[in-house]
Amino acid sequence: MGKKHMSVWPGKPYPLGATWDGEGVNFSLFSENAEKVELCLFDAKGRQEIERIDLRWQTDQIWHCYLPDARPGLLYGYRVHGPYEPRRGHRFNSHKLLLDPYAKALWGSFQWSDALFGYRVGNPREDLVRDRRDSASGMPKCRVVDTAFTWGDDRPPRTPWHDTVIYELHVKGFTCRHPEVPPLLRGTYAGLATGPSVEYLKRLGVTAVELMPVHAFVDDRHLVEHGLKNYWGYNSIGFFAPEMRYSATGLVSEFKTMVKTLHSAGIEVILDVVYNHTAEGNHLGPTFCFRGIDNASYYRLMPDDPRYHMDFTGCGNTLNMRHPRVLQLIMDSLRYWVLEMHVDGFRFDLASALARELHEVDRLSAFFDIIHQDPIISQVKLIAEPWDLGEGGYQVGNFPIGWTEWNGIYRDTVRAYWKGDGGHIGEIAHRLTGSSDLYEKSGRRPYASINFVTCHDGFTLHDLVSYDHKHNEANLEDNRDGSDDNLSWNCGVEGPTVDPGIKSLRARQKRNFMVTLLLSLGVPMILSGDEIGRSQGGNNNGYCQDSEISWHNWQLDDEQQEFFDFVCQLITLRKRHPAFCRQHFFLGRRLKGADIKDVLWLQPHGQEMTDEEWGDSYARCLGMFLAGDAIDEYDSRGRRIEDDDHLLLFNAHHEEIAFHLPPLLAEKSWQTVLDTSYPAPNDVPPHLHHGREPYALQGRSLAWLLAVEPHSSGKGPGKSPNTNNKGSGTFT
């Protein structure tokens, strides 16, 4: 260790972390139970500890100092002294270099060895014996950053929820094989900000990207030892630091440039964040940060035996949301990403774990109270994954006003319906209309429902129609990992096939799923790659597959290109028709000035659905009429919103059904916008369909028809061009 050369001043307890103020750096670290804290400074390569500084000043359990000679780029870490008494919940070990929970950047990577554990690995007493090996050589180092950045006229797009279309993507997987992205930028934030990436997203028509975790995270030891990685990133260790494996430059400014570029294209950036647990795992896990700084404060411990952690996440530990400093850490992190990094919202992984005050999920917990009153965080997009692995953790529909939710019930219902399972007619009607049964009573709107059929966790859309069973052998867990309940159907053959009939049916099923998703009330979320038929070979748990299993393949065949064009046009049509972007739930009755109910449910014989028919286990066919003049909403200028009349016909039965219309609708003429029984949009016959004639609804297909007003004289669908906020259109 080199001779001390830094001047040391007392500094201040706030802000927490390492803060460059233009003249020097203030260091501040919270630990309630520590006896001594040392700041360790390293050389430019992070290999040699050049100085160790005793933080002699303490204010309200925060240890601090100021180094007037320190500059951005300085590498540092902490050593925290205190009792090693696991049975009392304390696991201090000054032999272990610790990361700053508020570090804005990390330098280097984790190099696994037994020295990274606070206890003597392999000892018969397991975690009760302190390990005295130094861990610094295997640890990344924290880096002081200069947060200055020229944002110029950057402004958040602030796309209204009801107009939002989310695209869930992995930063690396999206661009790492893109032929038009420069090789050095592939798989990085800079690669996502290149022209080819941005133009693709704009052409697709999505309004927001939801990035899988980009907080600094750790590759699990058992994965590394088997040649695998934690590809998904749900193993966070730094809530302020962007993951540098996705950086081409190693600079935090690269992430900011990506956000600024996407904003200029009108695309919002939502982060998938993991505040429910950390990469340190259970009592036998490593000591990287929180465990060594103050295990008893940062983690939920078993009340009757604090040697062990409470685990509502399945990852070994749960952050202690009951501690005010842990709440502060999360809130400071959220504000940092909004104010400093300009992101537009967050998707909270296993959000039910954040709501647990004691053991039960409390929707009015301190965390949600703080979020609700915060003038910064309450104004961005907030998405909950509304479940965890603890008792009572499945909380779809139970989050407070201001929150949206991943609607797992939507996913399961739509999958089961198009799979052909009976008894889902009533359920599918709820899901198509925004899941009012889940969200209306609490005062929320249809856009509280984030609708999805697929996400990163599970089958891709192509695999959903190609596999009955998971095929996770590449994960090296004997195919035991991943869900066995996928509600998937392989259409007759497991996996790839050359059978033209099966390939055609799979393509039709993909169209059925995508049309259902994009024409349902609520916020649609598309899994990245579904629009081009990305397959993981039946792997439904690609968390450890940083490989071609997970990456995008941009060499599209004709079928993939055709489906991409289909999805692009479908998103465009959704945006043109406010009937599918309603801000309020349907009432199921006539509104003032309307000549028909706002929504009408039809059975194939042309009659309204009866109560008995809703419960029919054999029913698989349903019609949904939307009255364009019964939206009863107004735009930002106070103009009444109207739209065309729409008719959606769903047939999950394997045989053709002649769908008759009731007299009121039979007097209209109808233009077929799309029919999923045709392999391409342009193949749909262009002629008008008179309502008196039954519509030949093919097996396992969906048809979307628009009413043609009499004065249109067959020139195309739509009402008067002077009608406010409407956009008629068909596939072109």
Short side-chain donor-acceptor distance under 3.5 Å, Ser701 and Asn651: no
Taking only Lys NZ, Arg NE, NH1 and NH2, and the carboxylate oxygens of Asp or Glu, determine whether Arg335 and Glu340 approach each other closer than 4.0 Å. no
Tell me, do Glu243 and Phe217 make a side-chain contact under 4.5 Å, heavy atoms counted? yes
Taking atom types as modelled, is there a side-chain donor on Glu548 or Asn553 under 3.5 Å from an acceptor on the other? no
Do Thr207 side-chain atoms and Val165 backbone N/O form a donor-acceptor pair below 3.5 Å? yes
Heavy-atom distance under 4.5 Å between the side chains of Asp632 and His584, does that happen here? no
Can you classify the ring geometry of Trp418 versus Phe650 as parallel (below 30°), tilted (30 to 60°) or perpendicular (above 60°)? tilted
His471 and Glu494: side-chain donor and acceptor closer than 3.5 Å? yes
Distance-only, no hydrogens or angles: does the Thr188 side chain make a donor-acceptor pair with backbone N or O of Gly191 under 3.5 Å? yes
Check: His577 side chain, Ala579 main-chain N or O, donor-acceptor pair, under 3.5 Å: no
Are any side-chain N or O atoms of Ser488 and backbone N or O atoms of Tyr467, one a donor and one an acceptor, separated by less than 3.5 Å? yes
Taking atom types as modelled and ignoring hydrogens, do the side chains of Asn540 and Asp463 form a donor-acceptor contact shorter than 3.5 angstrom? no
Distance-only, no hydrogens or angles: does the Thr497 side chain make a donor-acceptor pair with backbone N or O of Val493 under 3.5 Å? no
Where do Glu405 and Arg444 land on the salt bridge (charged side-chain N to carboxylate O under 4.0 Å, His left out) test, with the steps shown first? CA-CA 11 Å; Glu405 302 175 16; Arg444 289 192 282 172; 2.7 Å; yes
Are side-chain heavy atoms of Thr460 and Thr454 found at a separation under 4.5 Å? no
Strictly below 4.0 Å, N to O, side chains only: are Lys575 and Asp163 in salt-bridge contact? no
Is the Phe564 ring parallel, tilted or perpendicular to the Tyr200 ring (thresholds 30°, 60°)? parallel
Check the side chains of Tyr167 and Glu531 for a donor-acceptor pair under 3.5 angstrom, ignoring hydrogens and angles. yes
With no hydrogens and no angle check, just 3.5 Å: does a side-chain donor-acceptor pair link Ser520 and Asn451? no
In terms of relative ring orientation, are Trp554 and His552 parallel, tilted or perpendicular, with 30° and 60° separating the classes? parallel
Test side chain to side chain donor-acceptor pair (under 3.5 Å) applied to Tyr246 and Lys172, His170, Glu254, the passing residue: His170
Salt-bridge criterion met for Asp565 and Arg203 (N-O under 4.0 Å): yes
If only side-chain N and O atoms count, and only distance matters, is there a donor-acceptor pair under 3.5 Å linking Asn490 with Asp468? yes
Would you indicate whether the side-chain heavy atoms of Arg508 and Arg511 approach each other to under 4.5 Å? yes
Looking only at side chains, do His646 and Trp704 share a donor and an acceptor under 3.5 Å apart? yes
Do His215 and Tyr234 meet the criterion of a side-chain donor-acceptor pair at a distance under 3.5 Å? no
What do you reckon, are the aromatic ring centroids of Tyr695 and Phe659 less than 6.0 Å apart? no
Please determine whether the number of non-hydrogen atoms from other residues, nucleotides or ligands lying under 6.0 Å from atom CG of Asp557 exceeds 12. yes
Is the gap between the ring centers of Trp406 and Phe399 under 6.0 Å? no
Donor-acceptor pair, side chain of Glu633 and main chain of Gln583, under 3.5 angstrom: yes
Would Phe346 and Trp337 satisfy ring-ring contact (aromatic ring centres under 6.0 Å, His included), going step by step from the backbone distance to the final call? CA-CA 10 Å; Phe346 305 94; Trp337 286 96; 8.0 Å; no
Test item: His162 side-chain N/O and Pro160 main-chain N/O as donor-acceptor pair under 3.5 Å: no
Quick one: does Thr257's side chain have a donor or acceptor within less than 3.5 Å of a partner on Ser253's backbone? yes
salt_bridge(Asp272, Arg347) N-O dist < 4.0 Å: yes
Whether Arg700 side chain and Gln509 backbone form a donor-acceptor pair below 3.5 Å: no
Quick one about His342 and Asp154 (side-chain donor to acceptor, distance below 3.5 Å, no hydrogens or angles considered), yes or no? yes
